[in-house]
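Since we're looking at a predicted model, the values are computed, not measured. Note on naming: letters A, B, ... go to the chains in the order of the sequence lines (proteins, then strands), and numbering restarts at 1 for each one.
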Amino acid sequence: MLKRTHTCGEPKSELIGKEIILNGWCGSVRDHGGLVFVNLRDRYGVTQTVIDPKETPNLIESAKSLRSEDVIAVKGSLRSRPEGQLNKNMPTGEVELLVKELVILNRANTPPFEIEDDTNASEELRLKYRYLDLRRPALQKILMLRHKAANITRNYLSDHNFLEIETPILTKSTPEGARDYLVPSRISKGHFYALPQSPQLFKQLLMVAGFDRYFQIVKCFRDEDLRADRQPEFTQIDCEMSFIDREDIYNIMEGLIVLLWKECKGVELKRPFERLAYKDAVARFGSDRPDRRIPWELQDVTTIFKGSGFKAFASVVESGSIIKAINIKNHADKFSRKDLDTAGEFVKAYGAKGVASLKGIDKFLGDAEKQALKSELKIEENDIVLLVGDKPKVVNDSLGALRVDLGKKFKSFDVNKIDLLWVTDFPLMEFDEKDQRHVSLHHPFTAPNPEDLHFMDTDATKARALAYDLVMNGSELGGGSIRIHDRAIQQKVFDLLKITREEAKKRFGFLLEALEFGAPPHGGIAFGLDRIIMMLAGTDSIRDVIAFPKTTSASDLMSDAPSDVDPAQLKELGIKI
RNA sequence: GGGGACGUAGAUCAAUUGGUUAGAUCGUCGCCCUGUCACGGCGAAGGCUGCGGGUUCGAGCCCCGACGUCCCCGCCA
């Protein structure tokens, strides 16, 4: 075959007069009856090629036969385009290749959609023909960005003495956390491997082994429902370090994030990153991953409504629940009756009964209440105040989400701004009323803050964990913690989680045992690589940053996975459906 | 498990109150065209209105059901 001497992105004026060979895919073929123009594309760019019947009458027939997405090789001489025929929109727009030889390497069927960046083909169709979708320069750019970011990460961590060590994919199912993907064992019938939700236990064991600094860019699997930013298999930048405290983690990881944004976006992020305690994040923004670009904050006005003339809120206070408000400054004129109804529907998803506008309940309020609200919420002309009263979790979840929704709807902030912060001091545990037991907020190996150890015997939900999340623009990019390296504290946590000694021994006895063989103090963090790329690429869909993603029902429209299997395979595994 | 939006030529969409032969653009195919780059001109083909029921004299449109895609809640240590 005619092997390329250059890529389709390279031809520039410096190469004029040179004889070169290009390989690539035909984009638009413009047949003028005599002259034929073919845009030739590969992942590096697009170059215009010309077939001129005066020069090569023998080629004109096959040139006319070219169709979109045919694969060709062309040899010819690069020349500058005629006066007034330059294309300023193309990086190679000053030149064109006058074709002397043309080889059709492969014909293409008519593609089911046009291979263009601004394709309007449905995502369903694009996923079915993902290999065609991936030919679009926009997606190619993202995957090249992903490669670059992964490379930078690998080099940075390696330069900081981290070792990349692989951990098993066929591993052991452990309680707590997400639903596992299970893999049946053929050799040991009735037993199953689990695909890792993360390499958590293994990386801790690597610390026990003395590897000190570990990282891995690694696939993780969680059999949970999907979202715009969640896939069942996703990639983590997984890190763990020994003989360190939280500040060491912040320090090293901030360096990585700063480098990624600098190299990939040319953006200088300010260090150190700001920090916000979990309880303040929830109090002010109703969320443990606040987007602080949106100006309005939640304010607790529970006490003002004690004994209020607005009976609904008075009884909320009575029952020990809370009332919070957001003051949407200077938006009363833009906020329609319909917007209020929409907001009311919106919060119902979070279990709230509805949203009240201060204007709507004004007639039930006494002067003292009005005055208190006005000064507390700093209400001015043209402000609109929305309130929700309910149990704290419902109020924070609903009003926090509503704040973000309205902030985006009313374009209340500069989308180019980056809000980056560590959310710290997560509670170690929450109490699950349904199961009547504590559950870890992060995971069962997270160390409690030593200052709060005494709460473990009184009210464990008051104990803070040495855990942290990195949050950018309201999205959790990663999180981690200092781990428990003390067997006794680990046992205490299991007790609170109501994991029996037998269960603990059976499920992660190997870790517990390891903790008794000289485990160093250690901790770590894992970033969602996919989400980092989403941020860098500025896309809202995780599917845009994964070469072969799954739909919201976790299927692959291209390969049609998951699918049924041969009964013989099941028999071999000892499985009956 | 729950809520919402959508499903009509190859693609993206339209079709008045339920009423004649379901339209447009892009793509495809054919002919013409020597400076286009979203080339242009003329012409043509292409539809069981995603699937299964129902209401009606009559259904793309109304009702019911399953399916698929997307968004959200639950879930995601």
What interatomic distance, in whole Å, is found between [atom1] of [M] and the corresponding atom of [N]?
| N | M | atom1 | answer |
| --- | --- | --- | --- |
| B:A15 | B:C57 | P | 27 Å |
| B:C48 | B:C42 | C1' | 33 Å |
| B:C64 | B:U56 | C1' | 16 Å |
| B:G52 | B:A59 | C1' | 16 Å |
| B:A38 | B:C31 | P | 25 Å |
| B:A44 | B:A9 | C1' | 15 Å |
| B:G30 | B:C71 | C1' | 45 Å |
| B:G53 | B:G1 | P | 26 Å |

Going by atom types only, do [X] and [Y] share a side-chain donor-acceptor pair under 3.5 Å?
| X | Y | answer |
| --- | --- | --- |
| A:Thr342 | A:Asp339 | no |
| A:Asp560 | A:Ser563 | no |
| A:Arg30 | A:Ser28 | yes |
| A:Asn58 | A:Thr56 | no |

- Item | side-chain N/O A:Ser122 vs B:U12 OP1/OP2, d < 4.0 Å | yes
| said: On the nucleotide B:U36, are OP1 or OP2 found under 4.0 Å from the side-chain N or O atoms that A:Gln85 carries? | reply: yes
pair_partner(B:G46), Watson-Crick or wobble, both distances < 3.5 Å, evaluates to none
Under a 3.5 Å limit on both distances, the Watson-Crick or wobble mate of B:G68 is B:C6
Quick one: label [X] by what it contacts on the DNA or RNA (base, sugar-phosphate, nothing), any heavy atom closer than 4.0 Å.
| X | answer |
| --- | --- |
| A:Pro112 | sugar-phosphate |
| A:Arg543 | sugar-phosphate |
| A:Gln200 | base |
| A:Arg79 | base |
| A:Asn87 | base |
| A:Phe37 | base |
| A:Lys54 | base |

Taking the six-membered ring for Trp, are A:Phe202 and A:Phe510 parallel (under 30°), tilted (30 to 60°) or perpendicular (over 60°)?
tilted
Parallel, tilted or perpendicular, judged at 30° and 60°: which one describes the rings of A:Phe445 and A:His443? tilted
Expressed in angstrom and rounded to an integer, what is the separation of [X] atom [atom1] from [N] atom [atom2]?
| X | N | atom1 | atom2 | result |
| --- | --- | --- | --- | --- |
| A:Ile115 | B:A38 | CD1 | C1' | 16 Å |
| A:Asp133 | B:U69 | CG | C1' | 14 Å |
| A:Leu132 | B:A11 | CG | P | 14 Å |
| A:Asn109 | B:A11 | CG | P | 15 Å |
| A:Glu430 | B:C75 | CD | P | 10 Å |
| A:Ile51 | B:C37 | CD1 | C1' | 14 Å |
| A:Lys348 | B:G4 | NZ | C1' | 14 Å |
| A:Glu123 | B:A5 | CD | C1' | 15 Å |

The salt bridge (Lys or Arg N to Asp or Glu O under 4.0 Å) partner of A:Glu503 among A:Lys505, A:Lys506, A:Arg501, A:Arg507 is A:Arg507
Flag, side chain of [X] to backbone of [Y], donor-acceptor distance under 3.5 Å:
| X | Y | answer |
| --- | --- | --- |
| A:Asp31 | A:Gly33 | yes |
| A:Arg437 | A:Leu497 | yes |
| A:Asp70 | A:Ala108 | yes |

Quick note, A:Glu96 side chain, CB onward, closest among B:C73, B:U36, B:G35 is B:G35
Test side-chain hydrogen bond (donor to acceptor under 3.5 Å, both in side chains), reference A:Asp495, set A:Gln491, A:Lys492, A:Lys498, output is A:Gln491
So, with a heavy-atom separation below 4.0 Å from RNA chain B, the residues of residues 552-562 of chain A are A:Thr552, A:Ser553, A:Ser555, A:Leu557
Residues in residues 218-233 of chain A with a heavy atom under 4.0 Å of RNA chain B, by number, are A:Arg222, A:Glu224, A:Asp225, A:Arg227, A:Ala228, A:Arg230
In 5'-to-3' order, the base (B), backbone-only (S) or no-contact (-) status of each nucleotide in nucleotides 23-33 of chain B, using a 4.0 angstrom heavy-atom cut-off, is ---SSSSS--B
Notebook entry, point to check: If you count the non-hydrogen atoms of other residues, nucleotides and ligands that lie under 6.0 Å from CG in A:Asp435, is the total more than 12?
Noted result: yes
Judged by nearest nucleotide, the residue sitting upstream toward the 5' end of RNA chain B, A:Asn39 or A:Gly177, is A:Asn39
Residue pair A:Arg289/A:Arg531 against RNA chain B: nearer the 5' end by closest nucleotide is A:Arg289
- Query: Does the side chain to side chain donor-acceptor pair (under 3.5 Å) test come out yes or no for A:Thr167 and A:Gln216, once each step is laid out?
  - Reply: CA-CA 9 Å; A:Thr167 52; A:Gln216 196 179 181; 3.0 Å; yes
- request: Establish whether the base of B:G4 is bridged to the side chain of A:Glu345 by a donor-acceptor pair shorter than 3.5 Å.
  value: no
Below 4.5 Å, heavy atoms only, C-beta onward: do A:Asp425 and A:Arg246 meet side chain to side chain?
yes
